[in-house]
Amino acid sequence: MEISQIGVDVGGTNIRIGYGRRAGDLMGFERVPSEKILGGHARPWEALAGLIRDYAERKGIREKLKAAAIGLPAALSADRKRILQAPNLDGLDGVPMGELLETDLGIPVYLEKDVNMIFQNDSRGMEYEGLAAGIYIGTGIGNAVFCRGK
């Protein structure tokens with residue numbers, strides 16, 4: 001089985017992690033309280049890298065991984081490498097998390113706003129022209145606005 005990516009949803013309450021192939025199959029889903037991984041760490045990105053490494057080792061997929069996609073409840077830089085502001089996650093404002101995780105894990109890491117990732121998945125198969133919006137309630141309230149699918 002060809003594994004292509006690991007996906008991580010970092011939330012204010014829980015971190016969800018799973019892996020899959022390019023076709024979008026989700027396998028090995030797990031949920032861990034965010035506080036258990038990120039709480040009290042002076043360098044929370046190192047704790048997140050440790051979670052990803054440990055998960056990949058336990059699942060036996062470390063050598064098969066080609067990339068990681070991480071959804072964050074945060075404002076991100078235009079190049080999607082730096083967290084500008086993460087109101088529900090202490091210690092991550094201004095952190096170049098994409099670069100730090102790429103160096104630590106040795107694979108490309110793609111950061112995205114969590115609501116954009118959720119809406120992109122939820123809107124698969126929807127036909128719309130112009131604007132579409134998704135509003136999501138979790139630890140906070142997030143929204144995604146797409147124009148012609150982007």
Side-chain angles (χ1 to χ4, degrees), residues 1-124 133-147 150:
M1 167 188 342
E2 171 105 9
I3 303 300
S4 66
Q5 59 199 2
I6 194 166
V8 182
D9 174 24
V10 178
T13 304
N14 290 298
I15 297 173
R16 293 166 182 86
I17 189 167
Y19 64 93
R21 294 182 292 242
R22 192 172 281 276
D25 302 332
L26 175 63
M27 295 171 273
F29 174 78
E30 293 182 6
R31 181 176 44 210
V32 181
S34 299
E35 182 66 25
K36 181 178 178 182
I37 303 301
L38 302 176
H41 289 279
R43 298 164 64 108
W45 57 91
E46 289 178 352
L48 184 59
L51 170 72
I52 293 168
R53 266 194 319 280
D54 176 62
Y55 173 85
E57 291 296 328
R58 283 187 296 105
K59 298 296 181 183
I61 60 170
R62 180 67 181 110
E63 300 305 318
K64 299 174 185 175
L65 286 178
K66 294 189 172 100
I70 301 174
L72 296 152
L76 303 172
S77 61
D79 66 359
R80 299 297 197 253
K81 295 294 182 188
R82 178 179 296 275
I83 296 173
L84 300 176
Q85 183 182 27
N88 294 324
L89 301 171
D90 292 335
L92 292 177
D93 290 359
V95 172
M97 184 181 275
E99 297 166 11
L100 292 168
L101 290 175
E102 283 182 354
T103 300
D104 194 318
L105 299 171
I107 56 174
V109 173
Y110 302 95
L111 304 182
E112 185 54 80
K113 287 184 56 117
D114 55 355
V115 291
N116 288 347
M117 294 176 88
I118 294 167
F119 188 72
Q120 187 169 26
N121 181 67
D122 288 351
S123 65
R124 282 186 184 178
I135 299 172
Y136 298 90
I137 300 170
T139 303
I141 298 174
N143 66 78
V145 178
F146 278 47
C147 181
K150 296 183 180 201

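Using a distance-only test at 3.5 Å, with no hydrogens or angles considered, a donor-acceptor pair links the side chain of Lys81 to the main chain of Val109.
Gly20 approaches Met27 most closely through the heavy-atom pair CA-CE, 3.7 Å. Of all the heavy atoms in Arg62 and Ile107, the pair that sits closest is NH1-CG2, 4.3 Å. Of all the heavy atoms in Ala74 and Ile83, the pair that sits closest is CB-CG2, 3.9 Å. For the pair Gln5 and Leu65, the tightest heavy-atom approach, listed with the atom from each and the gap, is C-CD2, 3.9 Å. Residues Ile70 and Leu48 come closest through the heavy atom pair CD1-CD2, 4.4 Å. Residues Pro87 and Pro73 share a closest heavy-atom pair of CD-O, 4.0 Å.
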All N/O donor-acceptor pairs, side-chain side in residues 113-122, below 3.5 Å, sequence neighbours left out:
| unit_1 | atom_1 | unit_2 | atom_2 | d |
| --- | --- | --- | --- | --- |
| Asn116 | ND2 | Glu112 | OE2 | 3.0 |
| Asp122 | OD2 | Tyr136 | OH | 2.8 |

Worksheet item: Where do Leu38 and Val10 land on the side-chain contact (heavy atoms from CB on, under 4.5 Å) test, with the steps shown first?
Response: CA-CA 10 Å; Leu38 302 176; Val10 178; 3.9 Å; yes
Practice prompt. Give the C-alpha distance, both sets of side-chain angles, the deciding distance and a yes or no for side-chain contact (heavy atoms from CB on, under 4.5 Å) between Thr103 and Leu101.
Written response: CA-CA 5 Å; Thr103 300; Leu101 290 175; over 6 Å; no
Item to complete: Applying side-chain contact (heavy atoms from CB on, under 4.5 Å), run through Val32 and Ile17 and close with a yes or a no.
Response: CA-CA 8 Å; Val32 181; Ile17 189 167; 5.6 Å; no
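Counting only heavy atoms from C-beta outward, the side chains of Glu30 and Arg58 approach each other to under 4.5 Å. You'll find the side chain of Leu92 reaches within 4.5 Å of the side chain of Met97, heavy atoms only.
Residues that satisfy the side chain to side chain donor-acceptor pair (under 3.5 Å) test with Asp104, not counting sequence neighbours, are Arg53. Residues satisfying the salt bridge (Lys or Arg N to Asp or Glu O under 4.0 Å) criterion with Glu99, sequence neighbours excluded, are absent altogether.
Counting only residues at least two apart or in different chains, ring-ring contact (aromatic ring centres under 6.0 Å, His included) contacts with residues 51-94 are absent. Applying the side-chain hydrogen bond (donor to acceptor under 3.5 Å, both in side chains) test to every pair with at least one member in residues 6-16, sequence neighbours left out, gives these pairs: Thr13-Thr139. For residues 83-96, there are no side-chain hydrogen bond (donor to acceptor under 3.5 Å, both in side chains) pairs, not counting sequence neighbours.
More than 12 heavy atoms of other residues, nucleotides or ligands sit less than 6.0 Å from atom CG of Leu84.
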